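First comes the structure, then the notes that go with it.
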Amino acid sequence: MKTLTFTAAMMLGASVAAAQQTELTLGLQLEPPHLDPTGAAAAAIDEVVYANVYEGLTRFAADGSVRPALAESWDISDDGMSYTFRLRSGVTFHDGAEFTAEDVKFSLERTTAEDSTNAQKALFEGIESVNAIDDTTVEITLTEPDGALLFNLAWGDAVIIDESDVETLKQAPVGTGPFKFSNWVQGDSIELVANDAYWGEPAKLTKATFKFISDPTAAFAALMAGDVDAFPVFPAPENLPQFDADPRFNVIVGSTEGETILSTNNQNGPLADKRVRQAIAHAIDRQAIIDGAMFGYGTPIGTHFAPHNPAYVDLTGLTPHDPEKAKALLAEAGFADGFTTTLKLPPPSYARRGGEIIAAQLRNVGIQTEISNLEWAQWLEQVFRGKDFGLTIVSHTEPMDIGIYARPDYYFQYDDPVVRAMMSGLASMSVPEDRTAVLQAVQRRISEEYVNGYLFQLAKTGVADVRIKGLWENSPTQANDLTEVYWEE
């Protein structure tokens, strides 16, 4: 009888242990400045809340396609000027408030308001009106047809919120998603718990903790010790072979939407001269940067477009590494003796490591750089908002974001009526072949204008406990969607 009791106890203990495998700790290198994705450009916000806490009318799936979210279906008028969305019924916010068409109206009007701080406000400026027809029907009327509207509505910048929560979203987000915000220990971690009242398929995890570890050595130690279960974007690619050889881990290498560029202030002194920007493009050795900063992970690019997109044009051949040509172009522009500019670097290793390599490559042709290592808050303030920089390195992880080149007030300050006209025409196109032709023309234009130094497409290099299933391999948007993540025992 004692044996049976002992066996039963062991079985019960095993059952409890298995039940406990519904909690997950993810390591992230960057802590978000706050948790309202509609109020800042920091991708770290979406890495925590996209599809987990907040939802929009549409959303991105793991393969990059656009799927229904809070809108279960929609109709588009024949002239493309009106979209009528049928909303899901029975949806509530995490605080119990009912989700209705009025929330959609408020959220989108807030996004396009004159005082909006939404980083992607320009994507929605074509919205003329938002009309709540009834609780589950909303009509969006446009000033002109926009073939990218459903795509744009899937961005984290277009999530739907409750007006009563606006003042507290940054520190205590309230959405409609499968996870609810639980706790934020500043400088350490953010905790989410499963939303038992979720309208859709419930999450398999009961709790998810995002732990912020900026130091690559500490990230390695945390994974090896089991303090974190997965690091979706591991900050030290040089360690990946070691994880790959360890049967406890799965190394997940995929692609991202992250065009990593030597972003250039097109209105800053010598950099306003196209010949100088062209010289910089020829001074850069892309493969040396990929090898030195990313240990070989990354795909060279010659324009601001993802290589995995069917409309991509390989323009790397336009600017081969050619230091002598770079020197000749500088001399032609009146800078035979070179010049000095700033190079302001945000925290990611691709920027800090890549910055040292690029500084040496530019020094080789006579361009001196004053390097400043900035934290994200400083970078956003000085570079993105203040435009106080010469050069910087950043990965633009937003999907299909080539439209930023049609925004003269964007931080790299490129003002080109040709690109503006092409992007304006693209908005009214719905035929895929026509849209591809325009996208390829814009790619060529910005490459031939040497707007920025185009380096490489950021690879998604993740490490996870081999038992974890459902993590995204690729990153069609900057997110860690946990809706289908589970432990396999």
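Since this is a predicted model, take the numbers as computed values, not measurements. For the single chain, residues carry numbers from 1 onward in sequence order.
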May I have the step-by-step check of side chain to side chain donor-acceptor pair (under 3.5 Å) for H321 and Q361, ending in yes or no?
CA-CA 10 Å; H321 179 52; Q361 293 175 352; 5.7 Å; no

Can you check side chain to side chain donor-acceptor pair (under 3.5 Å) on W74 and T84, steps first, answer last?
CA-CA 5 Å; W74 48 82; T84 302; over 6 Å; no

Before you tell me yes or no, could you show the steps for M423 and V442 under side-chain contact (heavy atoms from CB on, under 4.5 Å), namely the whole-Å CA-CA distance, both residues' side-chain angles and the distance that decides it to 0.1 Å?
CA-CA 8 Å; M423 291 305 301; V442 176; 3.9 Å; yes

Stepwise, does the side-chain contact (heavy atoms from CB on, under 4.5 Å) test hold for T369 with T341?
CA-CA 5 Å; T369 56; T341 189; 4.3 Å; yes

Do D246 and Q242 pass the side chain to side chain donor-acceptor pair (under 3.5 Å) test, and can you show the C-alpha distance, the side-chain angles, and the key distance before you say yes or no?
CA-CA 7 Å; D246 191 325; Q242 188 170 345; over 6 Å; no

Under the criterion side chain to side chain donor-acceptor pair (under 3.5 Å), I'd like the reasoning laid out for E398 against Q478: C-alpha separation, chi angles, the key distance, then a yes or no.
CA-CA 7 Å; E398 300 85 359; Q478 193 81 343; over 6 Å; no

Between N309 and M400, does the side-chain contact (heavy atoms from CB on, under 4.5 Å) criterion hold? Intermediate values first, please.
CA-CA 9 Å; N309 191 296; M400 189 68 76; 3.3 Å; yes

Test salt bridge (Lys or Arg N to Asp or Glu O under 4.0 Å) on K387 and D409 and set out the steps.
CA-CA 10 Å; K387 304 177 180 67; D409 62 342; over 6 Å; no

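Aromatic rings of F305 and Y454 (six-membered ring for Trp) have centroids beyond the 6.0 Å cut-off, not under it. Between Y198 and F179, a ring centre-to-centre spacing not shorter than 6.0 Å is recorded. Aromatic ring centres of Y297 and F456 lie farther apart than the 6.0 Å criterion allows. Taking the six-membered ring wherever Trp is involved, the centroid distance between the rings of Y411 and H396 falls below 6.0 Å. In this structure, the ring of F220 has its center less than 6.0 angstrom from the ring center of F243.
A salt bridge links D388 with K344: at least one charged nitrogen is closer than 4.0 Å to a carboxylate oxygen. The pair R67-D63 meets the salt-bridge criterion, with a side-chain N (NZ, NE, NH1 or NH2) lying under 4.0 Å from an Asp/Glu carboxylate O. Under a 4.0 Å N-O distance rule, the pair E448/R444 does not qualify as a salt bridge. Comment: R86 engages D75 in a salt bridge, judged by a side-chain N to carboxylate O separation of less than 4.0 angstrom. In summary, D36 and R110 engage in a salt bridge, as defined by a charged side-chain N under 4.0 Å from a carboxylate O.
Using modelled atom types, no side-chain atom of R88 and backbone atom of E72 make a donor-acceptor pair closer than 3.5 Å. With T256 contributing its side chain and G258 its backbone, the two residues share a donor-acceptor pair below 3.5 Å. Under the 3.5 Å distance criterion, the side-chain polar atoms of E473 are left unmatched by any main-chain donor or acceptor of I252. When atom types are taken as modelled, the side chain of K170 and the backbone of P33 share no donor-acceptor pair closer than 3.5 angstrom. The main-chain N or O of S395 is found under 3.5 Å from a side-chain atom of Y350 such that the two form a donor-acceptor pair. Between the side chain of S107 and the backbone N or O of D103, at least one donor-acceptor pair lies under 3.5 Å. A donor-acceptor distance shorter than 3.5 angstrom exists from the side chain of N118 to the backbone of D157, with no hydrogens or angles considered. Side-chain N or O atoms of N195 include one that pairs as donor or acceptor with a backbone N or O of G177 at under 3.5 Å. Distance alone, capped at 3.5 Å, is enough to place a donor-acceptor pair between the Q29 side chain and the S214 backbone. Put simply, the side chain of D314 gets close to the backbone of T316: a donor and an acceptor are under 3.5 Å apart.
When all heavy atoms of G355 and L345 are compared, the closest pair comes out as CA-CD1, 3.9 Å. For the residue pair V66 and A154, the shortest heavy atom distance occurs at CG1-CB, 4.5 Å. Taking every heavy atom of both residues into account, N152 and L123 meet most closely at ND2-O, 3.8 Å. A pairwise comparison of heavy atoms in I468 and A230 identifies CD1-CB, 4.2 Å as the closest pair. Residue N52 comes nearest to N480 through the heavy atom pair ND2-O, 2.9 Å, listed as atom of the first residue, atom of the second, then distance. The two residues R445 and V419 make their nearest non-hydrogen contact at CG-CG2, 3.5 Å.
Here the side chains of T303 and L318 are not in contact, with every heavy-atom distance at 4.5 Å or above. Counting heavy atoms from C-beta outward, H304 and I404 have side chains that approach closer than 4.5 Å. Using a 4.5 Å heavy-atom cutoff, the side chains of F60 and P399 are in contact. Two residues are said to be in side-chain contact when any heavy atoms from C-beta on lie closer than 4.5 Å; L391 and S263 fail this criterion.
Side-chain contact check for E55 and W199: at least one donor-acceptor pair (N or O, by modelled atom type) lies under 3.5 Å. Between the side chains of E31 and W184, at least one donor N or O lies within less than 3.5 Å of an accepting N or O. No side-chain N or O of T397 forms a donor-acceptor pair with one of E257 less than 3.5 Å apart. Counted by atom type alone, W379 and T392 present one or more donor-acceptor pairs between their side chains at under 3.5 Å.
We find the CD-OG distance between E47 and S475 to be 8.0 Å, quoted to the nearest 0.5 Å. Atom-to-atom distance recorded for L380:CG and Q382:CD is 10.5 Å, nearest 0.5 angstrom.
Checking L169, T38, D46 one by one against Y54, the side-chain contact (heavy atoms from CB on, under 4.5 Å) holds for a single residue, L169. A side-chain hydrogen bond (donor to acceptor under 3.5 Å, both in side chains) with T319 holds for exactly one of R286, Q278, H282; it is R286. Tested against F412 for a ring-ring contact (aromatic ring centres under 6.0 Å, His included), the candidates F384, Y405, F389 yield a single pass: Y405.
E449 pairs by the salt bridge (charged side-chain N to carboxylate O under 4.0 Å, His left out) definition with K274, not counting sequence neighbours.
In Q413, the CD atom is crowded: over 12 heavy atoms of neighbouring residues, nucleotides or ligands sit closer than 6.0 Å.
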